[in-house]
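In this chain, residues are counted from 1 in sequence order.
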Amino acid sequence: MDIIEINKVLSNQVRIDILKWLKKPEENFPAPLTFHDFGISVGLIHKKTGLSQSTVSEYLNMLLRTKLLICTRNGKWTYYKRNESEILKYLTTLSDEL
């Protein structure tokens, strides 16, 4: 786990917002909720941010590279959800080291 890299990724409010939204998707994405066991579609995340598709894709890729998100493809759709075990590992490591 690269604490510095994760901290860099979390230095952006929108990336933090994405993690917050995915923590409680039923509260943060419009009904009818298209939440599946494998997460929220990239389209819904993109729409909620109000940013360009390329920016949102880059943000999601950054969160994936640091393993804070899990990505699942289902047909032509891509879904994202939080990687709770990796987030807990990050928090524990941060707490232990500081």
Item checked: R73 side chain reached by T78 side chain, heavy atoms, under 4.5 Å -> yes
Check: Taking all non-hydrogen atoms of both residues, which atom of L51 and which atom of H46 are closest, and how far apart?
Finding: O-NE2, 3.0 Å
Next item on the list: Could you tell me the separation between the CZ atom of F29 and the OG atom of S41, rounded to the nearest 0.5 Å?
Entry: 8.0 Å
Next item on the list: Compare every heavy atom of N74 with every heavy atom of Y79, then report the nearest pair and how far apart it is.
Entry: CE1-CB, 3.9 Å
Notebook entry, point to check: If Ile, Leu, Val, Met, Phe, Trp and Tyr residues are connected whenever their side-chain heavy atoms lie under 4.5 Å apart, and connections chain through other members, are M1 and I70 in the same group?
Noted result: no
Show me the side-chain donor-acceptor pairs of residues 56-67 shorter than 3.5 Å, one per line, residues at least two apart or across chains.
from, atom 1, to, atom 2, distance (Å)
S57, OG, Q53, O, 3.0
E58, OE2, R65, NH2, 3.4
Y59, OH, N12, ND2, 3.2
N61, ND2, S57, O, 3.2
T66, OG1, M62, O, 3.1
T66, OG1, L63, O, 3.1

Notebook entry, point to check: Of the non-hydrogen atoms in I45 and Y80, which two are nearest, and what is the gap between them?
Noted result: CD1-CB, 4.0 Å
Donor-acceptor contacts, no H, no angles, side chain residues 88-95, under 3.5 Å, sequence neighbours left out:
from, atom 1, to, atom 2, distance (Å)
Y90, OH, N7, OD1, 2.4
T92, OG1, L88, O, 2.9
T93, OG1, K89, O, 2.8

Note to self: As an exercise, state the distance from CD1 of I87 to CG of L69, rounded to the nearest 0.5 Å.
What the structure shows: 7.0 Å
Next item on the list: Determine yes or no for a side-chain-to-main-chain donor-acceptor pair under 3.5 angstrom, with R82 supplying the side chain and L19 the backbone.
Entry: yes
Next item on the list: Please identify each residue that fulfils side-chain hydrogen bond (donor to acceptor under 3.5 Å, both in side chains) with R15, with sequence neighbours left out.
Entry: none
Item checked: Qualifying salt bridge (Lys or Arg N to Asp or Glu O under 4.0 Å) pairs with a residue from residues 43-54, counting only residues at least two apart or across chains -> none
Checklist line | All side-chain contact (heavy atoms from CB on, under 4.5 Å) counterparts of E27, not counting sequence neighbours | finding: K24
Notebook entry, point to check: Do N83 and S85 have side-chain atoms, one donor and one acceptor, less than 3.5 Å apart?
Noted result: yes
Checklist line | Residues that E5 engages under side-chain hydrogen bond (donor to acceptor under 3.5 Å, both in side chains), provided they are two or more places apart | finding: none
Next item on the list: Give, for atom CG of L68 and atom CD of E86, the distance between the pair rounded to the nearest 0.5 Å.
Entry: 7.0 Å
Check: Rounded to the nearest 0.5 Å, what separation is found between the CG atom of L44 and the CH2 atom of W77?
Finding: 9.0 Å
